[in-house]
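Data first, discussion second: the structure below is written as structure tokens.
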Amino acid sequence: MNLRVIRKKTKSLYTRSRIPGVSWSVNQYVGCAFACRYCYARFLTRWKDYGEWGTWVEVKTNAPELARKRVEGKVVMSTVSDPYQPLEAEMKLTRRVLQYMDKRNELSILTRSPLVTRDIDLFKLFRSIEIGMTINGFTGREKRLFEPLAPVHRARVSALEELHDAGLKTYAFVSPIIPGVSDVGAVVEETRDFAGYYFFEVLNLRASGRNFRRLLREEYPESYAVLTDEEKFRKFLRELREEIKRLGVKAERIETHQRGWEFVKL
């Protein structure tokens, strides 16, 4: 697949966030070449007329200089992209942003790429930092259907372990959880020794797009039925909640999207 790279300058890098507990978001890239077929961030194509989601990435070329700003509160990188998507290996834009960023900022980074371990030296310079790895356990058929271009499961697990072994605060973002497909228990058992805590998210079906909804309905009709039937969904959520509690890991809530953005306490 040919990737279109759009280089732009921006007026600011830190954007006020509506995520609970997060003050600022930082996206030096917009768009993502991992092109996960369920990605909620595809909504950006309404305003960014560059083509199909996953075929383009917008690069904020002046992001490193803007990163110098001192901000108060928690900063999350990234919310509408992956800071370590394939383009980063060549451009090193994320690395340069980290180099220029005020190390007193409270920073949380979320990625699904093992490239993140390249920057362990910079992470150690921050006063307060945590690194999250999106791990969903998709392999085989599910990997090919849902996220064919994303890093494989084992590489993500190994990267999380390396970050932990380097003395960094880590967490596992178990997402998306799809009824009848995801094995949450298996993901937890494989990562519990090097994930400081967990965050769980059920698939955002509404934001996944028409094509993914059709794929799920055709290939996994039972999963689709659970996500679209209120009674079945409530039962699934109760069972998921109980399973997570039995696993005995540090976690506060499950993020769901059936009626908008909601959180279920554990």
Side-chain angles (χ1 to χ4, degrees), residues 13-14 17 19-29 34 63-64 67-79 81-86 88-137 150-175 184-201 244 247-253 255 266:
L13 184 64
Y14 295 93
S17 173
I19 300 172
V22 176
S23 301
W24 305 91
S25 63
V26 166
N27 291 281
Q28 54 272 23
Y29 297 109
F34 286 145
R68 295 176 183 271
K69 183 178 179 181
R70 166 74 166 148
V71 295
E72 297 290 341
K74 188 173 186 178
V75 180
V76 168
M77 176 196 291
S78 299
T79 55
S81 65
D82 191 303
Y84 291 96
Q85 59 182 292
E88 171 61 17
E90 173 190 347
M91 295 200 72
K92 297 183 174 63
L93 182 63
T94 295
R95 183 168 178 85
R96 288 185 286 124
V97 165
L98 290 168
Q99 287 171 329
Y100 281 86
M101 188 177 282
D102 191 319
K103 304 305 184 290
R104 296 171 295 174
N105 289 348
E106 180 186 356
L107 181 61
S108 179
I109 297 174
L110 179 62
T111 182
R112 64 188 65 223
S113 172
L115 180 60
V116 67
T117 60
R118 180 201 65 190
D119 292 340
I120 286 174
D121 61 327
L122 294 178
F123 300 152
K124 290 184 175 183
L125 300 178
F126 282 80
R127 185 171 67 184
S128 177
I129 189 169
E130 64 177 8
I131 317 296
M133 183 66 64
T134 301
I135 302 176
N136 47 44
V152 298
H153 170 73
R154 186 61 242 173
R156 301 187 209 184
V157 173
S158 296
L160 189 66
E161 183 174 14
E162 185 176 346
L163 292 163
H164 172 269
D165 290 348
L168 295 163
K169 183 180 179 181
T170 60
Y171 72 95
F173 183 47
V174 185
S175 173
V184 172
V187 171
V188 168
E189 291 303 333
E190 196 171 359
T191 58
R192 65 162 66 240
D193 289 340
F194 33 86
Y197 72 95
Y198 288 82
F199 198 97
F200 300 92
E201 182 189 34
I244 293 171
L247 288 166
V249 293
K250 185 178 179 181
E252 293 183 356
R253 58 198 180 186
E255 184 176 343
L266 292 167

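None of these values were measured; they are calculated from a predicted model. Nothing fancy with the numbering, it's 1 onward along the sequence. No hydrogens, no waters, no symmetry mates; every other heavy atom, side chains included, goes into these values.
- With S175 as the fixed residue, the side chain to side chain donor-acceptor pair (under 3.5 Å) test singles out one of R112, E255, E201: E201.
- If you take CG on L110 and CE on M133, they are separated by 8.5 Å, rounding to the nearest 0.5 Å.
- For the pair T191/V174, no side-chain contact is recorded, criterion being any heavy-atom separation below 4.5 Å from C-beta on.
- Checked for salt-bridge contact, R118 and E162 miss the test: no charged N lies under 4.0 Å from a carboxylate O.
- Atoms OG and CD, on S81 and E88 in that order, are 10.5 Å from each other to the nearest 0.5 Å.
- Pairing each heavy atom of L266 with each of R253, the nearest pair is CD1-N, 3.6 Å.
- Between M77 and T94 the shortest side-chain heavy-atom distance falls below 4.5 Å.
- A heavy-atom distance below 4.5 Å is found between the side chains of P64 and Y100.
- By the 4.5 Å heavy-atom criterion applied to side chains, Q28 and R96 are not counted as neighbours.
- Residue A67 comes nearest to Y14 through the heavy atom pair O-OH, 2.8 Å, listed as atom of the first residue, atom of the second, then distance.
- By the 4.0 Å N-to-carboxylate-O rule, E72 lies close enough to R70 to be salt-bridged with it.
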Assess whether side chain to side chain contact (heavy atoms under 4.5 Å, CB included) is satisfied between V249 and Y197, documenting all intermediate values. CA-CA 7 Å; V249 293; Y197 72 95; over 6 Å; no
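- A tilted orientation is assigned to the rings of F199 and F173, their planes being inclined by 30° to 60°.
- Taking CG of L125 as the reference point, atom CD of Q99 lies at 9.5 Å (rounded to 0.5 Å).
- Side-chain N or O atoms of N105 include none that pairs as donor or acceptor with a backbone N or O of L107 at under 3.5 Å.
- Contact check on D121 versus R95 returns a salt bridge, with a Lys/Arg side-chain nitrogen under 4.0 Å from an Asp/Glu carboxylate oxygen.
- Closest heavy-atom contact between A172 and L160: CB-CD2, 4.3 Å.
- Under the 3.5 Å distance criterion, with hydrogens and angles disregarded, no donor-acceptor pair is assigned to the side chains of T170 and E130.
- Without hydrogens or angle criteria, R192 side chain to L247 main chain gives a donor-acceptor distance under 3.5 Å.
- When all heavy atoms of A150 and R156 are compared, the pair lying nearest together is CB-NH2, 3.6 Å.
- In this structure, the side chains of L122 and M101 stay at 4.5 Å or more apart for every pair of heavy atoms.
- Atom CZ of residue F123 and atom CG of residue L168 lie 7.5 Å apart, to the nearest 0.5 angstrom.
- Of all the heavy atoms in F126 and I129, the pair that sits closest is CB-CB, 3.9 Å.
- Using a 4.5 Å cut-off on side-chain heavy atoms (C-beta onward), T134 and T111 make no contact.
- Of the possible polar contacts, one joining the T117 side chain to the P114 backbone as a donor-acceptor pair under 3.5 Å is found.
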Could you go through the side chain to side chain contact (heavy atoms under 4.5 Å, CB included) check for D102 and K69 one step at a time? CA-CA 7 Å; D102 191 319; K69 183 178 179 181; over 6 Å; no
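- Ring geometry for F194 against H164 counts as tilted: the plane angle lies between 30° and 60°, on a 0 to 90° scale.
- Checked by atom type, the side-chain pair Y198/E252 shows no donor-acceptor distance below 3.5 Å.
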Criterion side chain to side chain contact (heavy atoms under 4.5 Å, CB included) on I109 and D119, from CA distance to verdict: CA-CA 11 Å; I109 297 174; D119 292 340; over 6 Å; no
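- The shortest distance between side-chain heavy atoms of S113 and Q85 does not fall below 4.5 Å.
- Counting heavy-atom neighbours within 6.0 Å of K103 NZ, excluding the residue itself, gives a total above 12.
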Before giving the answer on side chain to side chain contact (heavy atoms under 4.5 Å, CB included), spell out for S108 and Y171 the whole-Å C-alpha distance, their side-chain angles and the decisive distance to 0.1 Å. CA-CA 10 Å; S108 179; Y171 72 95; 3.8 Å; yes
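- Looking at N27 and T79, their side chains do bring a donor and an acceptor atom within 3.5 Å of each other.
- In terms of heavy-atom proximity, L13 sits nearest to A63 at CD2-O, 3.6 Å.
- Side-chain atoms of Y29 and L93, non-hydrogen and from C-beta on, do get closer than 4.5 Å to each other.
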